[in-house]
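These figures come from a predicted structure and were not determined experimentally.
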Amino acid sequence: MANANELIHPVRMRILQTLLGADELTTAQLRDRLPDVASATMYRHVAALAQAGVIEVVSERPVRGTVERSYRVRQEQALVDPDTRDAMGTEDHRRAFTVFSAAVMGDFERYLSHEDAEPARENVLYRQGAVWVTDEEFTSLVDEIEAAVARRTHTTPGDGRARHLLSLVFVPDKAAAHPDEPGTD
């Protein structure tokens with residue numbers, strides 16, 4: 001798994017989000033999908049992700065005296081592992097969440113900027129729910145959600161399928177903690 005600094009960077013996160021669910025993309029295709037990222041910046045961050053093992057080269061072909069590489073995400077490497085998360089301080093988590101939130105907001109803004117965007121018809125959904133769970137139940141819930149998403153990550157475009165980005169955030173609600181529970185005011 002990658003360390004947090006390799007993943008928690010605004011451009012790298014956008015590259016990973018663009019590659020998620022895609023079979024493979026070249027750097028040129030990434031630049032087409034992320035036109036606001038300068039070419040040199042794109043190449044630098046793609047190289048950093050490849051060197052860290054978060055993305056991998058799946059094919060190479062010669063193009064006008066250079067080599068064009070196609071990349072895909074190595075799902076198992078594109079996560080901050082539990083030990084790294086445990087070692088992160090409050091400011092590290094604040095920075096990571098800010099980058100994550102900005103990436104989600106950017107994705108949503110890019111979607112809405114298309115003249116043909118129809119949020120209701122295209123199943124745009126954002127909602128929040130609350131559950132009371134033990135640590136064991138929480139772990140089970142996360143596993144269930146990740147398994148449900150994983151079952152669908154291998155589908156391909158076509159047959160009426162549209163790519164949807166799914167972003168999850170789990171935050172303890174300390175303000176709603178039961179007064180009899182330890183750690184409450």
Side-chain angles (χ1 to χ4, degrees), residues 1-22 25 27 30-31 33-56 71-113 124-153 163-177 183-184:
M1 291 190 188
N3 73 41
N5 289 331
E6 291 164 340
L7 297 174
I8 302 169
H9 182 284
V11 174
R12 291 180 193 161
M13 186 169 283
R14 288 183 61 206
I15 290 168
L16 290 173
Q17 288 173 322
T18 302
L19 284 167
L20 286 173
L25 295 173
T27 306
L30 284 166
R31 284 193 348 259
R33 294 181 187 195
L34 302 170
D36 58 311
V37 177
S39 183
T41 301
M42 178 70 71
Y43 280 101
R44 183 174 65 250
H45 289 292
V46 164
L49 289 167
Q51 183 176 7
V54 178
I55 62 175
E56 64 184 341
Y71 299 91
R72 74 173 159 225
V73 175
R74 295 182 62 210
Q75 296 280 2
E76 71 282 0
Q77 296 298 318
L79 302 169
V80 176
D81 65 78
D83 291 338
T84 301
R85 272 196 319 273
D86 288 346
M88 292 169 63
T90 302
E91 285 306 311
D92 296 323
H93 282 283
R94 183 173 283 119
R95 188 175 121 247
F97 188 77
T98 299
V99 169
F100 174 81
S101 299
V104 171
M105 290 172 57
D107 289 334
F108 194 63
E109 182 55 38
R110 277 185 292 284
Y111 163 72
L112 291 176
S113 70
V124 170
L125 179 65
Y126 39 90
R127 68 171 55 146
Q128 189 171 39
V131 294
W132 292 88
V133 292
T134 64
D135 287 346
E136 184 177 282
E137 292 167 333
F138 176 77
T139 299
S140 179
L141 174 64
V142 172
D143 290 346
E144 290 169 25
I145 292 169
E146 287 181 343
V149 173
R151 284 191 301 273
R152 289 163 180 83
T153 59
R163 184 173 184 248
H164 286 74
L165 298 176
L166 176 64
S167 304
L168 297 174
V169 177
F170 296 99
V171 179
D173 185 6
K174 291 187 179 276
T184 61

How long is the gap from [atom1] on [X] to [atom2] on [Y], to the nearest 0.5 Å?
X	Y	atom1	atom2	value
Arg95	Thr90	CZ	OG1	13.5 Å
Gln17	Leu165	CD	CG	6.5 Å
His9	Leu16	NE2	CG	12.0 Å
Thr18	Leu34	OG1	CG	4.0 Å
Thr27	Tyr43	OG1	OH	5.0 Å

Quick one: closest heavy-atom pair of [X] and [Y], and the distance?
X	Y	result
Arg110	Ala103	NH2-O, 4.2 Å
Ile55	Val73	CG2-CA, 4.1 Å
Val133	Phe138	CG2-CB, 3.7 Å
Val104	Ser167	CG2-OG, 3.4 Å

- Query: Is there a donor in the side chain of Ser140 and an acceptor in the side chain of Glu144, or the other way round, less than 3.5 Å apart?
  - Reply: yes
- Message: For a 4.5 angstrom cut-off between non-hydrogen side-chain atoms, does Leu49 reach Tyr71?
- Response: no
- Query: Does the side chain of Ile15 come within less than 4.5 Å of Met42's, by heavy atoms?
  - Reply: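 Answer yes - side chains close enough.
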- Query: Counting heavy atoms not belonging to Phe170, are there more than 12 under 6.0 Å from its CZ?
  - Reply: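 Yes - once you tally the heavy atoms of other residues, nucleotides and ligands closer than 6.0 Å, there are more than 12.
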- Message: For Asp86, I'd like to know if atom CG has over 12 heavy atoms of other residues, nucleotides or ligands within 6.0 Å.
- Response: yes
- Under 4.0 Å between a Lys/Arg side-chain N and an Asp/Glu carboxylate O for Asp36 and Arg14?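 So Asp36 pairs with Arg14 through a salt bridge.
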Polar side-chain atom of [X] near backbone of [Y] as donor-acceptor pair, under 3.5 Å:
X	Y	answer
Asp92	Gly89	yes
Arg163	Leu20	yes
Arg74	Glu56	no
His93	Arg85	yes
Thr41	Val37	no

- Message: Does Arg33 form a side-chain contact (heavy atoms from CB on, under 4.5 Å) with Leu25? I'd like the steps, not just the answer.
- Response: CA-CA 10 Å; Arg33 294 181 187 195; Leu25 295 173; 3.6 Å; yes
